[in-house]
Amino acid sequence: MLIITIAIGLCSALTLTQAVPAVGPRPEQPLYDLVQRLLPAKYQKEIQFSLKDAIPTTSTTNVHDVYRITTSKNSKIVIEGDSLSALGAGLNYYLRNSCQVEMSWSGDRFNELPSNPPTAISEANTGSEIIQGSIVPWRYYMNVVTAGYSTVFWDWQRWEREIDWMVLNGINMPLALTGQEYITRQLYLNLGLSLEEISSYFVGAAFQPWNRMGNIQGSWGFKNDTGVKNGFIDSQFELQKKILQRMKAFGMTPILPSFQSFVPSALVQKFPNTTFHEASQWSGMPLENTMVHYVDPQEPLFATLAEEFIKLQKQYYGENVTDHYILDLYNELLPASSEPEYLKSTTKAVVHALRNADKNAVWVMQGWFLTATQFWTPPVTKSFFDGIREAEGKAFIIDLYSDGMPQWKHTDGFYGMDWGWSMINNFAGGQGIFGVLPTVLTEPFAGYHHPAKSMKGMGVTPDGINTNEFLYHLIYDLAWKNPNESLSGKLLLDQFIQRRYGAKKTTPLMLEAWDQISKTLWNITGELTGKVKSYLDINPKLNMEAFGFEPTVPMYDTAVVADAWKKLIKSTETKESNSRLGHRLVSESAVTFTKAKEFAQEEFDVLAREALSFATDSSKTDVSQQRHSSNDLPNASDLPLKAPGFRFDVIDVTREVLLITVLPALHKELVKGFNDTNAAQIVLYGSLIEALILDTDKLLSTHSQFHLGKWLGNANAIAKTIKIPNGKQDFNNGQLTTPANYLEFQARNQITWWGPASQGSLADYASKQWAGLVKTYYLPRWQHFSKSLLKTAISGQAWNQDKFNVEIAAFEGKWQYGTWGQRKGETWGPSPKDDTVEIAQDIFRRWGKLAIRISQSKST
């Protein structure tokens, strides 16, 4: 290896923009502003904040960011804290325990707050004072790919709400990676690379995190996208300035990026005497989109670029924004050598480079790279961290997947380096009720008590948000619990559900349903498992059973979950719904059911007969025996039927049962019909699958969190803010590449092909069960599958999966370039006419008995 000192003259003429302004003279003001944004006017008058140098506490463990809540003589709620983060956590404690409300991704119930702010603020709701502190100084949020799967198309309004959510959850160290391509671009422009050379290295908007980590380079979908790509980078940079300003106003320490070592290939040519390496091919991506070059961290060029990158950030954002910089050298990549001395020299070089740019620099890294255990043996891993220690560097390791593959246990608490316990839970922004509640309730405290005493943080690091909210909220709640006391998962869940639905509107049946779910779907253990992947969003084939990571075969007792679904739906019965029982909703699936019934025969099995008996037109269905006495039922206003969290949960549980329990059973019978060359059975079960998918889409369409229109609508809104630099226009085959069609392609491609090819290894990895996507993308695939099976069976030929894949790819390829909203039914969000609960009730009447029978047969 050649180590050559290189002197680089970087351009000093930078076009600087306004730095992040300083916080005003009243440090508590951001908390008052938050209250004004979220709470009714009376609460704005009755809640007082006071920042103190210290809050006395008798605890020996909960000593970080301490807050105290008291009631003043004039009945005002006084929240004191030794940090702004403590004040935010104190406000959240008051809202959760006294007011029984909670801010969440799926919505909140702040409009149902008591008209007069409650004055009792203890856990028992009877005392006059509460003092709490955190067991760790840092509560962090997000992993590096959350930006791709969740936040990429957010505007400032959505970011503002998320930062408010962070404040209430006591988060004081969030990742802040938005717009870093602006800094990277300026760095390379200063080195003399052209805009085209840099742009050809950058990836599309929805895939930026994987470019930052050196997994991929270049973009696909448009032959020319330099203008819109750079316009998007500019808009994200402007957004980042607002994000950082707000984070700093709340006293947070955002984690900013550092130079990641990955470079455009054009830079390799500029420095022929510098040692560069070529990363390995990543996840089966085409070679031209991977095999990224990176400069060896021991090279002087690395130190120069790292120092210049951080200096640029300080110039653009301000000097005192942070001292924490994330650098993942080997995320899903392997080092050039496993020699201990090489790794030790590498980490020493990184520490020196970061410290040259910021004398207080803390090297933040995700521990995900250590999951490649065949390479990262204990001696190799120790040498990596020894280099940091010998260089007297400061580091913070985010143990990204502590809930499934905890690296702190295999590294003796990261050999004494500061680290944080994390729950990832969610991969690729996928949906699915999944978790490891017993682990979450105990393992963070086990890490805290480890002899190394180096656990300094707790946080959530999901690939994507908007799922399993109880578990994510719970992690931040645990940071303020006594680490020496055992916790009741049921009690914590009951309290969460009551805050989510309303304490007076939550019924025992609802709590019973969630207790069953917590003992099944939230009690799945094992390394690298993940949610159950639905048949719906996988390219159909004859054998769809899969085990291991994100299996298609359930890892839980489906009968218990189906029963929980039954109880949740039963808990929605009201006097009003009872009177509607004989007038079920008209569904698109009714036509499909009618077609299916034409092919029903007596010899068909119980599955088919029961499916059809619950799939007839409601006007011809005798439901009189299902009626209840109205005196036995509550009024709709007595239940949380309109609460956004309850509606989300009804959809989530219904979706889980329909797609994980019922759909595989229908698929099995469809394939059996093909194997038996039974055309009638193929048509029957193909029709039932189509009906199930249509019903699923209809239900999903009633909540914005389950709607493709929201994802595409956010992309469309961001497109309107993009200005093409220097008026540059790009053309593809003679057509203008506009911000709107560029970003819509990005949004569509990520959740389907995830790359340039339909059969790539990441295709359907980031699939979503969203209304619109289900109907316009997944349904046509399944319809074509059923028709192809029928045609093949009639012809007497063998099934040709490759031929089917080619046919489907042609359809999928056209879908990638679609424009949402041009066809009938393509809406940007839920219709106010569609009621979640009514549709869920209707779906249960159609599919409930069948789902229970299938789940019970699996259990036995």
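The residues of the chain are indexed from 1 along the displayed sequence. Reckoned from all heavy atoms, side chains included, excluding hydrogens, waters and symmetry mates.
- Taking Asp764 as the reference, Arg781 meet the salt bridge (charged side-chain N to carboxylate O under 4.0 Å, His left out) condition, with sequence neighbours excluded.
- Qualifying side chain to side chain contact (heavy atoms under 4.5 Å, CB included) partners for Ser235, counting only residues two or more places apart in sequence or in other chains: Phe232, Thr721, Ile722.
- Under the 3.5 Å distance criterion, the side-chain polar atoms of Thr178 are left unmatched by any main-chain donor or acceptor of Gln240.
- The pair Arg158-Glu162 meets the salt-bridge criterion, since a charged nitrogen lies less than 4.0 angstrom from a carboxylate oxygen.
- Neither side chain, Tyr742 nor Asp225, offers a donor N or O lying under 3.5 Å from an acceptor on the other.
- Taking the six-membered ring for Trp and the full ring otherwise, Tyr141 and Trp165 have centroids separated by under 6.0 Å.
- Judged by distance alone, the side chain of Asp328 and the main-chain N or O of Gln366 form a donor-acceptor pair under 3.5 Å.
- Relative to the ring axis of Tyr32, Arg26 places its NZ or CZ within 45° and under 6.0 Å from the centre.
- Counting only N and O atoms by type, the side chains of Ser134 and Asp65 include no donor and acceptor under 3.5 Å apart.
- For Asp403, there are no salt bridge (charged side-chain N to carboxylate O under 4.0 Å, His left out) partners at least two apart in sequence or on another chain.
- For Phe276, the ring pair (Phe, Tyr, Trp, His ring centres under 6.0 Å) criterion is met by no residue, not counting sequence neighbours.
- Every pair tested for salt bridge (charged side-chain N to carboxylate O under 4.0 Å, His left out) that includes a residue from residues 417-429 fails, sequence neighbours excluded, so the list is empty.
- Side-chain contact check for Gln816 and Asn749: at least one donor-acceptor pair (N or O, by modelled atom type) lies under 3.5 Å.
- Between Phe384 and Trp363, the two ring planes are tilted [angle within 30° to 60°].
- Remark: Phe302 engages Phe259 in a ring pair (Phe, Tyr, Trp, His ring centres under 6.0 Å) (not counting sequence neighbours).
- The pair Lys314-Asp358 meets the salt-bridge criterion, with a side-chain N (NZ, NE, NH1 or NH2) lying under 4.0 Å from an Asp/Glu carboxylate O.
- Note on ring orientation: taking the six-membered ring where Trp is involved, the planes of Trp820 and Trp828 are perpendicular (angle over 60°, cut-offs 30° and 60°).
- Contacts of Trp754 classified as ring pair (Phe, Tyr, Trp, His ring centres under 6.0 Å), with partners at least two apart in sequence or in another chain: Phe207, Trp210, Trp282.
- Partners of Glu744 according to the salt bridge (charged side-chain N to carboxylate O under 4.0 Å, His left out) rule, which considers only residues two or more places apart in sequence or in another chain, are Arg748.
- When ring centroids are compared, Tyr294 and Tyr330 stay outside the 6.0 Å threshold.
- Salt-bridge check for Asp33 with Arg246: failed, with every basic side-chain N at 4.0 Å or more from each acidic carboxylate O.
- A donor-acceptor contact under 3.5 angstrom links the side chains of Tyr140 and Ser422, judged on distance only.
- Not counting sequence neighbours, Glu197 has no partner by the salt bridge (charged side-chain N to carboxylate O under 4.0 Å, His left out) test.
- Distance alone, capped at 3.5 Å, is enough to place a donor-acceptor pair between the Gln750 side chain and the Gly148 backbone.
- Sequence neighbours left out, not one pair with a member in residues 256-268 passes side chain to side chain donor-acceptor pair (under 3.5 Å).
- With sequence neighbours excluded, the residues satisfying side chain to side chain contact (heavy atoms under 4.5 Å, CB included) with Gln180 are Leu177, Arg212, Pro257.
- Evaluation of the ring pair (Phe, Tyr, Trp, His ring centres under 6.0 Å) rule for Trp711 yields Phe153, Trp770 as partners, not counting sequence neighbours.
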